[in-house]
Amino acid sequence: MMRALDRKLLRDLWRIKGQAGAIAAVVAVGVLLQVMMSGMVASLDETRQTYYDRSRLAQIFAPVTRAPEHVLHRLSAIEGVGAVEGRITGGALLDMEGQDLPVRAQAVSLPQIGAPKLNDVHLSAGRLLAPGRTDEVLLLKSFADAHEIPLGAQLSATMNGARRTFTVVGIAQSPEFLVAVAPGELVPDVTRFAVLWMNEDAMAAAFDMKGAFNEALLSLERGAELEPVLAAADRELAQFGGLGAYGLKDHMSNRFISDEIDGLRSTSAAVPPIFMGVAAFLLYIVVTRLVQAEREQIGLIKAFGYTDLEVSVHYFKLVVLIALLGALMGCVLGIWAGRSMVGVYQANFHFPFLVFRVDPAAFVSGVTVSVLSASAGGIFVLRRVFTLTPAVAMRPPAPADFSRSGALNVRLKRWLDQPSRMVLRRVIRSPGRIAGSVIGISVGMALSAAMITLLSGFDESLDLTFGVIDRSDMQVSFYQPMSGKTVFELQQLPGVIEVEPTRAVSAVLRNGLYTYRGGITGLAEGARLNRAVDKDVQAIDLPEQGVVLAKSLADLLQIKSGEMLTVEVLEGRRPVLTLPVASIAETLMGAPAFMRIETLNRALREPDRVSGAYLRVDANALPQIFDKVKGMPMVAGVSRQTDAREAMQKMMDEGAGAMRFVMVGIAAIITFGIVYNAARISYGEQSRDLASLRVIGFSNSETAFVLLGELALVVLMAIPLGIGLGYALGFLVAAGFSTELYQIPAGFRPVAHGQAAAAVVVASLVSGWLVKRDIQKVDLVETLKTRE
Amino acid sequence: MAKDGNGAAEFTFRTKGLTKVYGSGPAAVHALRGVDLDIPKGDMVVLLGPSGSGKSTLLNIVGGLDRATEGEAWFQDQNLTEMSDRELTLYRRDHVGFVFQFYNLMPSLTARENVELVTEIADDPMDPDEALRLVGLGERMDHFPAQMSGGEQQRVAIARAIAKNPTVLFCDEPTGALDSTTGRAVLRVLRDVNDKLGATVMIVTHAAATAGMAHRVINFADGAIRSVTTNDTRLDPDEIKW
Ligand SMILES: Nc1ncnc2c1ncn2[C@@H]1O[C@H](COP(=O)(O)OP(=O)(O)OP(=O)(O)O)[C@@H](O)[C@H]1O
Ligand SMILES: [Mg+2]
């Protein structure tokens, strides 16, 4: 037998179902986001690790110029080394039909017989290479998919100067090429970089490596330390032209994947709590008013002799039920959404399979936060009601002292009609309630404004990178550093307006314990096409001495301008330089370090060298220039800025940044939920008065005006507050979305705030319409008969 | 606790200089201006007086729903004005039945459930159905307040108040919305509660004729007692003119 009080609870819940639904929805999306994102991070982490383990991905990569095979034994004798594998890799250019650009490829050897001990491939279609065949290749799946290259297709490739034709017998995936970035390019682009796996003999023949290897792969024994093994491997390989062994952490593909997952992780740590906090705050406000509206019934129940505890438990059940309902809905939807989003990421990261994981901590924290904030709201009001005697609580709140607003009343009378006066009086009479609505709506709006600001932040990030920092039309990179004369050669091409040399060297940047494996970019003095810019987007004059670091890099290395940076160059004579940090540059992409090209060359003791160039060209001549540049023997790659920008955009849209679209949707739901709630509650509070108005002859619209007028006033007050809050929240959200690969700027975007305000207005129009419909439906007699 | 021992046994209620002021300053309303009252155990008392004279206020204070500004009120040997909120709650729970002037039913509960709301926490309650049958609502037990007439709602409120078998029963205009037949039936129920259970009953009413039924009639005006009369012979509810 259910207790009468519990039956009241269920009926009340049913009566306020629309409102309870809106509250639950706000809680649900807050929890959803938390559960979804933490689930995605956990799943991607787990999937990556499983993929690495299954493919026996090496932990150390040691490129050399050419080392005889017996050196492998010496490498495996190093303390802490598990398995060792030697292989041959080399560059190739693929001629693609219908494409004016040659596609760069990396060719990788596979053992003649059996699977490699390290870095196995994952065959997704076709078959493995037949032993002894030199004209067969396995092709990287993402590239094959992008160009729709079928099994059995013929590929024509230039390797080591010789042109050859291969048959694609298998489509393969590998964790070391999850993200394939062509050397010298900013961002991964599956259409513009291919990987070919070939039999060792074929590779040895093509690259002149019989009985030798040019890359050693090592795995570590459990518990072995990386650094000493790296040092030992470098010592063993030094005499064969070792290019510096590096760990998985510095491996290009892994770094991209890790950056993406870490970006997602930091976004998931920073942003969902903001949403959850907003949802919790709204829940608190809404519950406060929900319980406040029950004041008379609370008084009545107390009058019967129910204790404070019993009354509290009753209302606690009501609000916790709503919060729990929302939280559970959020958990279920979060898992579902997480699953589908992870599917999107899986495709983006080219994982061949997916391990789905949910993070139980997200459930617990989501449910706890919502239940706590709901109860806090309930307890806050109950404590206030409990200080009243039942007799007072049972009466509607005491009439306010109007003596203060007397003068106002007289003036109001002159200017406003009766319904307008009713609206204004209610606002003046219950400022606490109105403030609750105003704050609630403004927080909801702030969330939307911050998210829309974030959207334009992504665009700004691209605009700054490709419109201000890099203003070239085309970027050319050479196989090896060339003499400065090459720049003139490019300058001679018809249609080329401006050429700017650049020199990129890979290096390990070190500040004490902090290291970053990246590079230094040498730029021309007074560069115009690719420049370093400061906070105010003014070009930085690169100093005669010293380096200019990107802000993200400086943060990473914990270094300030004026301090000394150690640069271990990984090319040429491999000098170790100590350079002062001259200033910090604003970059939103990557983590570059800039130097004057002459200073860099001097430090390397390789005067007048360039490794690439930035070109500004006549748009009409672009295709011809491509063909010409492609034909030049020293050119390793050409990329158009539009392609790079597109690729970057794609990375932002499909990587961690993809969440922003989901979040804008969620912010919109929260904003709508709170506006609808505000309308709903004030209707609940006034339903009797409104019915009385109808009875004494006010029309539906006039009655609705009394109610909606208040909503309009609240929204008007909420918008300026929402702009302020949204501005502040924008910084938090932008920081949460910034990753090591790109930073998202925040700031005041009038358009974003305008759109958020428009969203609030639309939400209030819709809510107003929904509530007005209820006013028309309401049974006047029934409403007036009972006191609520 | 009791200061005068013999009063505790004889009187259910006793007030001394009971004062209630609403608000403060120039806007203050003196609802009660020093009420001295002795109500013997088992009495049926009728409170008469013009609107706004403070009748409901008095009922609220001795019923443990409100607190006096000044003065003292006793229930048996317990000083109501010195009780904590918790003690007042227990007092209401264990002893008091209340019929409110505005019925105050829970709109989301049916007639029966409204009664159950009280019987569930009472020590020795009536069967809720029984209580509703007593007020002639045996047929409407599953109706919600909004589906009932004002008089029916009022009778639910009365059933709710008597169902707990209260020691004291306060009725704020219990028959205001009723026709003569139902009104008399309700008065009979109140009288039965008074006779059979020995409950002390206080009725506020504007219908002066009701006074004939009481042991004691208190005339109230402007927050103070004007006169108290006792009836030597009480009328039967059926004899009351409506
Ligand atoms: N919460 C309150 N705040 C201010 N004044 C109040 C409050 N409650 C009652 N009053 C005033 O106290 C006085 C006594 O009120 P009370 O309700 O006791 O009158 P009553 O005798 O029951 O009248 P009625 O027969 O109309 O019910 C009235 O003047 C009333 O306006
Ligand atoms: Mg009254």
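It should be emphasised that the depicted structure is a prediction, and the values quoted were computed from it without experimental measurement. Note on naming: letters A, B, ... go to the chains in the order of the sequence lines (proteins, then strands), and numbering restarts at 1 for each one.
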Practice item. Flag the one option from R92(B), H95(B), R86(B) with the top tally of heavy-atom pairs under 4.5 Å to chain A. Key: R92(B)
Point to revise | Choice from N114(B), D85(B), T57(B), D66(B) maximising heavy atom contacts with chain A below 4.5 Å | key: D66(B)
**Study point:** Structural part of F386(A) lying under 4.5 Å from a heavy atom of chain B
**Key:** backbone
Check your understanding: If we only count heavy atoms from C-beta on, is the D172(B) to V99(B) side-chain gap below 4.5 Å?
Key -> no
**Study point:** Side-chain heavy-atom pair T389(A), N60(B) within 4.5 angstrom cut-off
**Key:**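 With C-beta onward as the side chain, the pair stays apart.
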Review point. Under the side chain to side chain contact (heavy atoms under 4.5 Å, CB included) test, which residues partner V26(A), sequence neighbours left out?
Key: A279(A), L282(A), I670(A)
Review point. Hey, does the side chain of N194(B) reach the backbone of G42(B) with a donor-acceptor pair shorter than 3.5 angstrom?
Key: yes
Review point. Got a donor-acceptor contact below 3.5 angstrom from the R7(A) side chain to the E113(B) backbone?
Key: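 No.
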Practice item. Check each atom of F144(B) against the heavy atoms of chain A and say whether the ones under 4.5 Å are side chain, backbone, both or neither. Key: side chain
**Study point:** Ring centers of F11(B), F13(B) separated by less than 6.0 Å
**Key:** no
Study note, to complete from the structure: Checking heavy-atom separations under 4.5 Å from chain A, one finds in residues 160-169 of chain B R160(B), K164(B)
Point to revise | Residues in side chain to side chain donor-acceptor pair (under 3.5 Å) contact with K772(A), at least two apart in sequence or another chain | key: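 In terms of side chain to side chain donor-acceptor pair (under 3.5 Å), with neighbours along the sequence ignored, K772(A) is linked to no residue.
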What pairs of donor and acceptor atoms, side-chain ones from residues 309-317 of chain A against any protein atom, are under 3.5 angstrom apart with sequence neighbours left out?
from    : atom 1 : to      : atom 2 : distance (Å)
E310(A) : OE1    : T307(A) : N      : 2.8
E310(A) : OE1    : T307(A) : OG1    : 3.2
E310(A) : OE1    : R93(B)  : NH1    : 2.8
E310(A) : OE2    : R93(B)  : NH2    : 2.9
S312(A) : OG     : D308(A) : O      : 2.7
Y315(A) : OH     : E294(A) : OE1    : 2.6
K317(A) : NZ     : D6(A)   : OD1    : 2.8

